[in-house]
Amino acid sequence: MTYTDKEKKFKRFNVTTALPYANGGVHIGHLAGVYVPADIYVRYLRLMQEDVIFVGGSDEHGVPITIKAKKEGVTPQDIVDRYHNIIKKSFEEFGITYDIYSRTSSQTHHKTSSDFFKKLFNDGKFIEKVSEQYYDEEAKAFLADRYITGTCPHCGNEKAYGDQCEACGTSLNATDLINPQSTLSGAKPVLRETKHWFLPLNDYEAFLREWILENHKEWKPNVYGQCKSWIEQGLQPRAVTRDLDWGVKVPIEGAEGKVLYVWFDAPIGYISNTIELLPDDWEKWWKDKETKLVHFIGKDNIVFHCIVFPSMLKAEGSYILPENVPANEFLNLEGDKISTSRNWAVWLDEYLVDFPNKQDILRYVLCANAPESKDNDFTWKDFQTRNNSELVAILGNFINRTIVLTHKYFEGKVPKLNALNELDKATIEEIKTYPQKIGNLLETFKFREALFEMMNLARLGNKYLTENEPWKTVKTDIERTENSINISLQICANLAILMEPFLPFSAKKLQKMININPLNWFEVGNSDLLNEGHKIEEAELLFERIEDSEIEKQTNKLLQTKESNKENNYKASEQKENIQFDDFAKMDIRTGTILEAEKVPKTKKLLKLKIDTGIDQRTIVSGIAEYFEPEKIIGTQVSVLVNLAPKELKGIQSQGMILMAEDKDGKLVFVSPNEKVVNGAEIR
RNA sequence: GGCGGGGUAGCUCAGUUGGUUAGAGCGUCGGAUUCAUAACCCGGAGGUCACGAGUUCAACUCUCGUCCCCGCUACCA
């Protein structure tokens, strides 16, 4: 029975963690947001002797993996094998205690997700839509947006992807690209009709409203608010299939060459992995109302776990819904956003090599500084300080001085307890409060506060010891000395259990040092955990100081990343294919002067400009508002493409285009004559 | 622009249904101490609670407006 569920509404816990995508490693952002809190939660529940399974796995489908495979000339399976193994191994070594860590490329998962789809299909839960998509006739395959490159219609970058131009950051549709090209064969793709199935999320709006907005007001504000925002913006049908050959095949006739869209199959991975763990007994973990389902995720996943997956489960009909989705915000690194592509991260597998047997320090720092209510910053300096002045100075030091004194005065045996004085009594009373205090906090997902309370017990120990001064009383009052060492040792024993969810490796070490077996959470809080005469082992340091040099090594590593990012940051795009003079001559580019400029209401980037082109005065809408203040550009002479077909933007006819140069940081600059000339002068 | 989250001591965060001098840890300064990994213990300094207005006997806490940070979303010819 947990502290917050006195009526025993729930008999068991099913705890899942977001499936890491198997095209890269796991970094501190993932750990702080998802894996560390989830592991703490599960370890705690186990100590409470609750029935709990902890389910994880790798997400191995989706287009990015196929692209990476192609780039390296290996199969997608090779890619996911590589990263799945790295991730699985580093989780193990880091002490994330999954009951199962499997993968979505498993047979079980293919069958489970395929059956899930079929059930929804047969029950008429999908709608079908036919649309036009690019098709590569040489490779005989439909092309995902990512598989198509072409010229960005906006900035002219020739290597824009079908979903996004990385040069200007614009998100695109593949059909927007000029000169589209298949990255599979290099062929020019053609449009072809294709059929897909959609989950009409809009039909679940009433259900979601009631389930979340009415019945789960206790969810974290960031999660609840985000859901509310999504629901109120209106939900759209979402495609659940794609034309791709890497993934779970769509299990119906006429769906050759189609797979389940990765967002559809990935959350079903939680179910598949449970089945793999408990083939005969999995259903009670997913279909019994007395099971508490909890998803640990990062904030980027809120929509999938609170809106989409529950709608899928609801559509299926026989599943329970998550009871809570404690999503964390993001962790930054030394002031900058963590970024895989810029290699701005502390990778778990590298940490484990650089700091062998120091898992608990990272666990501690990431928990103490977890982005529970807002984005937070990880710095190596803070890592060092928290280790040196909290783990070493408060926790490690208390344990060490107690054990050393026990050996010094009592030959390593627990001394007997005599008549208690007021301080003894007060201390014993306070010890009693910790299991429930920490338990309550953990059950309500307040991990950093729970950790803080655990440390407070060590603070209590230090204070108790200092006030008793056994190093003085040993010469004058042996009974006092016996009491103060006995009670200090009882605090050590309590800590040995209470710290286990947070600092499992050190807890184990401490348990060995004082010769006890792990107890359950309800046995803790007492001051008779160690009997008189109980033998304890020699003192061994739980934590060691981290010197400046080690921290410098890490910050230098990051500095290097920053340097090399700077150098590699900008690569001029390749020259486009040759054109004839006539092609160029078709473009009518003129000098013009900005007469008026104002922001287009309800937009962030758009300015409405009035330009004197020498030919006429015309209106042009331009997406430059982030870089220019309207008043300051009036009078500026610019280059204007005047014979571009007009286009309506936000209800305004835009007649032409202002030519801009884009710097590597995305900043836009006017392309202007370097001396004033007449308006309407041809640029050639 | 719309929606959501956040803006409290140098740093990281708590602040219950609005109610006495706004709290904690770390950092810093001073003291005490020596069992302990220059650690522990005691004490001090440090905040017009983003800004402005309003409701109220009383606002960090409620209402409105403004600014800043993060995310989602629209827009970028």
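Note that the coordinates shown come from a computational prediction; the quantities given were computed from them, not determined experimentally. A, B, ... follow the sequence lines: proteins, then strands. Residue 1 opens every chain.
Base pairing of B/G43 is made with B/C29, judged by Watson-Crick or G-U wobble geometry with both donor-acceptor distances under 3.5 Å. Across all strands shown, B/A24 is found opposite B/U12 as a Watson-Crick or G-U wobble partner, with both distances under 3.5 Å. Here B/C72 sits opposite B/G2 as a Watson-Crick or G-U wobble pair (both hydrogen-bonding atom distances under 3.5 Å). Summarising the base pairing, B/C67 is matched to B/G7 through a Watson-Crick or G-U wobble pair whose two defining distances lie under 3.5 Å.
Rounded to the nearest 0.5 angstrom, A/Asn468 CG and A/Thr427 OG1 are separated by 7.5 Å.
Spacing between B/C26 and B/U66 at atom C1', rounded to whole Å, works out to 34 Å. When the C1' atom is used for both B/A22 and B/U48, the distance is 13 Å, rounded to whole Å. B/C29 sits 48 Å from B/U73 when the P atoms are compared, rounded to a whole Å. Using P as the reference atom, B/C76 and B/C13 are 37 Å apart when rounded to the nearest Å. A gap of 16 Å separates the C1' atoms of B/U21 and B/C60, to the nearest Å. Rounded to the nearest Å, the gap between the P atom of B/U63 and that of B/G19 is 15 Å. Taking atom C1' in both B/U33 and B/G43, the straight-line distance is 14 Å, to the nearest Å. Across B/U55 and B/C64, the matching P atoms stand 15 Å from one another, rounded to whole Å.
Between the C1' atom of B/C26 and the CG atom of A/Asn456 lies a distance of 13 Å, rounded to the nearest Å. One can place CD1 of A/Ile231 at 18 Å from P of B/C72, the figure rounded to the nearest angstrom. Note: CG (A/Asn222) to P (B/G71) measures 14 Å, nearest angstrom. Residue A/Ile307 contributes atom CD1, which lies 13 Å from atom C1' of B/C3 at whole-angstrom precision. With rounding to whole Å, A/Lys446 atom NZ is found 16 Å from B/A24 atom C1'. Distance NZ (A/Lys463) to C1' (B/A24): 14 Å, rounded to an integer number of Å. Here the C1' atom of nucleotide B/C11 and the CG atom of A/Asn376 are 11 Å apart, to the nearest Å. Atoms CG (A/Leu659) and C1' (B/A77) sit 11 Å apart, rounded to a whole Å.
Counting non-hydrogen atoms under 4.0 angstrom, A/Val303 reaches nothing in the nucleic acid. Contact annotation for A/Pro221: backbone-only contact, meaning every heavy-atom pair under 4.0 Å involves sugar-phosphate atoms and none involves a base. Residue A/Leu641 is out of contact with every strand shown, counting any heavy-atom pair closer than 4.0 Å. Looking at heavy-atom distances under 4.0 Å, A/Asn397 makes contact with a base. Among the heavy atoms of the strands lying under 4.0 Å from A/Glu390 are primed sugar atoms or P, OP1, OP2 only; no base atom is included. Note on A/Leu405: a base of the nucleic acid sits closer than 4.0 angstrom, heavy atoms only. Using a 4.0 Å heavy-atom distance criterion, A/Phe543 is classed as a base contact. Here A/Val392 lies in heavy-atom contact (under 4.0 Å) with a base. The residue A/Leu395 sits apart from the nucleic acid: no heavy atom pair falls under 4.0 Å. Within 4.0 Å of A/Lys337, counting heavy atoms only, lie sugar-phosphate atoms of the nucleic acid but no base atom.
Exactly one of A/Asp424, A/Val474, A/Ile485 qualifies for a side-chain contact (heavy atoms from CB on, under 4.5 Å) with A/Arg480. That residue is A/Asp424.
Residue A/Lys408 places at least one side-chain N or O closer than 4.0 Å to OP1 or OP2 of B/A36. Considering only side-chain N and O atoms, A/Ser229 lies nowhere under 4.0 angstrom from the phosphate OP1 or OP2 of B/G2. Using a 4.0 Å cut-off, no side-chain N or O of A/Lys228 falls inside it from OP1 or OP2 of B/G5. For B/U12, neither phosphate oxygen OP1 nor OP2 lies less than 4.0 angstrom from any side-chain nitrogen or oxygen of A/Lys374. OP1 or OP2 of B/A14 sits under 4.0 Å from a side-chain N or O of A/Ser373. Note on A/Arg545: a side-chain N or O is less than 4.0 Å away from OP1 or OP2 of B/A39.
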Checklist entry - Checking salt bridge (charged side-chain N to carboxylate O under 4.0 Å, His left out) for the pair A/Arg590/A/Asp588: CA distance, chi angles, key distance, verdict? => result CA-CA 7 Å; A/Arg590 306 291 184 107; A/Asp588 193 348; 2.6 Å; yes
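Side-chain contact of A/Asn328 with A/Glu372: a donor-acceptor pair under 3.5 Å is absent, judged by distance alone. Side-chain N/O atoms of A/Gln384 and A/Asp548 include a donor and acceptor closer than 3.5 Å. With 3.5 Å as the limit, one finds no donor-acceptor pair spanning the side chains of A/Asn483 and A/Glu479.
Distances from the side chain of A/Phe452 to the nucleotides B/G71, B/A24, B/G5 place B/A24 closest. Comparing atom distances between the A/Asn369 side chain and each of B/U12, B/U33, B/C41 picks out B/U12 as nearest. Among the nucleotides B/U34, B/A77, B/C35, the one closest to the side chain of A/Ser622 is B/A77. The A/Arg448 side chain lies nearest to B/C13 when the options are B/C13, B/C26, B/C72. The side chain of A/Thr385 has B/G27 as its nearest neighbour among B/G5, B/G27, B/U34. Considering only the side chain of A/Arg459, B/C26 comes nearest among B/C35, B/U33, B/C26.
Taking the centre and axis of the six-membered ring of A/Tyr434, the NZ or CZ atom of A/Lys437 falls inside the cone set by 45° and 6.0 Å.
Aromatic ring centroids of A/Phe383 and A/Phe355 lie under 6.0 Å apart.
Note on A/Lys472 versus A/Glu469: salt bridge recorded, some NZ/NE/NH1/NH2 to OD/OE distance being below 4.0 Å.
The nearest heavy atom of RNA chain B to A/Asp375 and to A/Ala645 marks one nucleotide each, and the one closer to the 5' end goes with A/Asp375.
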